[in-house]
Amino acid sequence: MVLLDLVTTWIKKLLRLYIIFLLAALLGLTFVQVLARYVMQNPFTATDQLARIALVWLTFMGAAVAMLENKNVRIDTLERLLPKGVRHFLSVGFDIVLVALLAILTVKGYEVYQVGAFQTIVGTPFSYQAIFSALVVGVALMGLFVLIRLIKKLRYGSQVSLNTED
């Protein structure tokens, strides 16, 4: 498990750096778009489209980091009232269902990715594969992180987190 924790830590660091890069790109593209539109009175179509690509990637990579840190959104009001054993059983069951769902989304997302090759994004040299690849990569990463979390839960038998900074 030490190797798994080390790999998880490095993946998290790389994802965080990538998210910082995406935020900087999004900020820069939006700033250029505002300048072009309101100062030069000549908006660029490419900056708007590139900002959309960056935003989609940012969304899916951020969701993957949230999953990695076990901070996925869930309503646990009633769950808190249950005994610890029942909560653990439900948590494992939830993760099994989530891994299956994310696997299906990865496969179906790849099909959408392939269709996107034939549709170009106006004003850019990219096709819609640039956007749909964020779905495939992000959902696959989420599935990997939930699978690792599930393995840890089954091995150690308690609520575990992939967050190695805790």
Side-chain angles (χ1 to χ4, degrees), residues 1-76 94-95 98-99 101-152 159-166:
M1 281 297 171
V2 175
L3 179 62
L4 193 59
D5 289 337
L6 183 63
V7 169
T8 304
T9 301
W10 275 103
I11 290 173
K12 185 183 350 179
K13 287 180 182 182
L14 289 173
L15 276 174
R16 286 183 174 178
L17 286 173
Y18 187 58
I19 287 171
I20 290 169
F21 167 76
L22 288 171
L23 279 170
L26 186 60
L27 179 66
L29 289 165
T30 304
F31 181 73
V32 167
Q33 181 66 14
V34 168
L35 279 180
R37 182 170 297 185
Y38 296 108
V39 176
M40 299 182 331
Q41 304 296 320
N42 188 14
F44 302 129
T45 56
T47 52
D48 182 43
Q49 298 297 333
L50 293 172
R52 287 179 189 182
I53 294 170
L55 182 61
V56 171
W57 271 93
L58 186 61
T59 301
F60 281 100
M61 295 304 104
V65 169
M67 200 68 73
L68 175 64
E69 294 180 351
N70 201 16
K71 296 185 178 176
N72 46 314
V73 177
R74 43 190 295 197
I75 301 170
D76 61 353
F94 174 74
D95 281 353
L98 191 55
V99 166
L101 176 65
L102 291 169
I104 291 167
L105 285 173
T106 302
V107 170
K108 293 300 181 182
Y110 184 72
E111 292 173 10
V112 172
Y113 165 82
Q114 290 176 319
V115 171
F118 304 107
Q119 303 169 359
T120 59
I121 299 175
V122 176
T124 70
F126 301 110
S127 70
Y128 274 91
Q129 280 185 325
I131 291 177
F132 298 142
S133 59
L135 166 74
V136 176
V137 172
V139 171
L141 282 173
M142 285 183 240
L144 173 67
F145 299 151
V146 174
L147 184 61
I148 292 169
R149 182 173 72 199
L150 178 62
I151 291 168
K152 285 184 171 187
Q159 293 290 340
V160 295
S161 172
L162 295 178
N163 193 356
T164 55
E165 296 171 3
D166 290 343

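These numbers were taken from a predicted model, which means no experiment stands behind them.
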Practice problem: To the nearest 0.5 Å, tell me how far Leu68 CG sits from Arg16 CZ. | Solution: 8.0 Å
Practice problem: Measure the CZ-OG1 distance between Phe126 and Thr120 for me, rounded to the nearest 0.5 Å. | Solution: 12.5 Å
Self-check item: Minimum heavy-atom distance between Gly123 and Ala46, given as atom pair plus value
Solution: O-CB, 3.1 Å
Quiz item: Heavy-atom distance under 4.5 Å between the side chains of Phe60 and Val137, does that happen here?
Solution: no
Quiz item: Do Leu15 and Leu141 come within less than 4.5 Å of each other through their side chains, counting heavy atoms only?
Solution: yes
Exercise. Specify the closest pair of heavy atoms between Met142 and Ala63, including all atoms of both residues, with the distance to one decimal.
Key: CE-CB, 3.6 Å
Exercise. Identify the heavy atoms of Ala134 and Val56 that sit nearest to each other, and give their distance.
Key: CB-CG1, 3.8 Å
Quiz item: Looking at CG of Leu6 and CD1 of Ile11, how far apart are the two atoms once the value is rounded to the nearest 0.5 Å?
Solution: 10.0 Å
Quiz item: Mind checking whether Tyr113 and Leu135 have side chains closer than 4.5 Å, heavy atoms only?
Solution: no
Quiz item: From Thr124 OG1 over to Leu50 CG, what is the distance, rounded to the nearest 0.5 angstrom?
Solution: 6.0 Å
Quiz item: Passes salt bridge (Lys or Arg N to Asp or Glu O under 4.0 Å), Lys152 versus Asp5? Steps please.
Solution: CA-CA 10 Å; Lys152 285 184 171 187; Asp5 289 337; 2.5 Å; yes
Practice problem: Give, for atom CE of Met67 and atom CG of Leu102, the distance between the pair rounded to the nearest 0.5 Å. | Solution: 6.0 Å
Quiz item: Are the side chains of Ile131 and Trp57 in touch, meaning some heavy atoms are under 4.5 Å apart?
Solution: no
Quiz item: Around Phe94, counting heavy atoms of other residues, nucleotides and ligands shown, do more than 12 lie under 6.0 Å from its CZ?
Solution: yes
Quiz prompt | For Thr30 against Leu26, the heavy-atom pair lying closest together | solution = OG1-O, 2.7 Å
Quiz item: Given side chains that start at C-beta, do those of Asn70 and Arg149 come closer than 4.5 Å, heavy atoms only?
Solution: yes
Quiz item: CD1 of Ile148 to OG1 of Thr8: how many Å apart, nearest 0.5 Å?
Solution: 4.0 Å
Quiz item: Quick one: does Gln129's side chain get under 4.5 Å of Gln119's, heavy atoms only?
Solution: no
Quiz item: Under the side chain to side chain donor-acceptor pair (under 3.5 Å) test, which residues partner Tyr18, sequence neighbours left out?
Solution: none
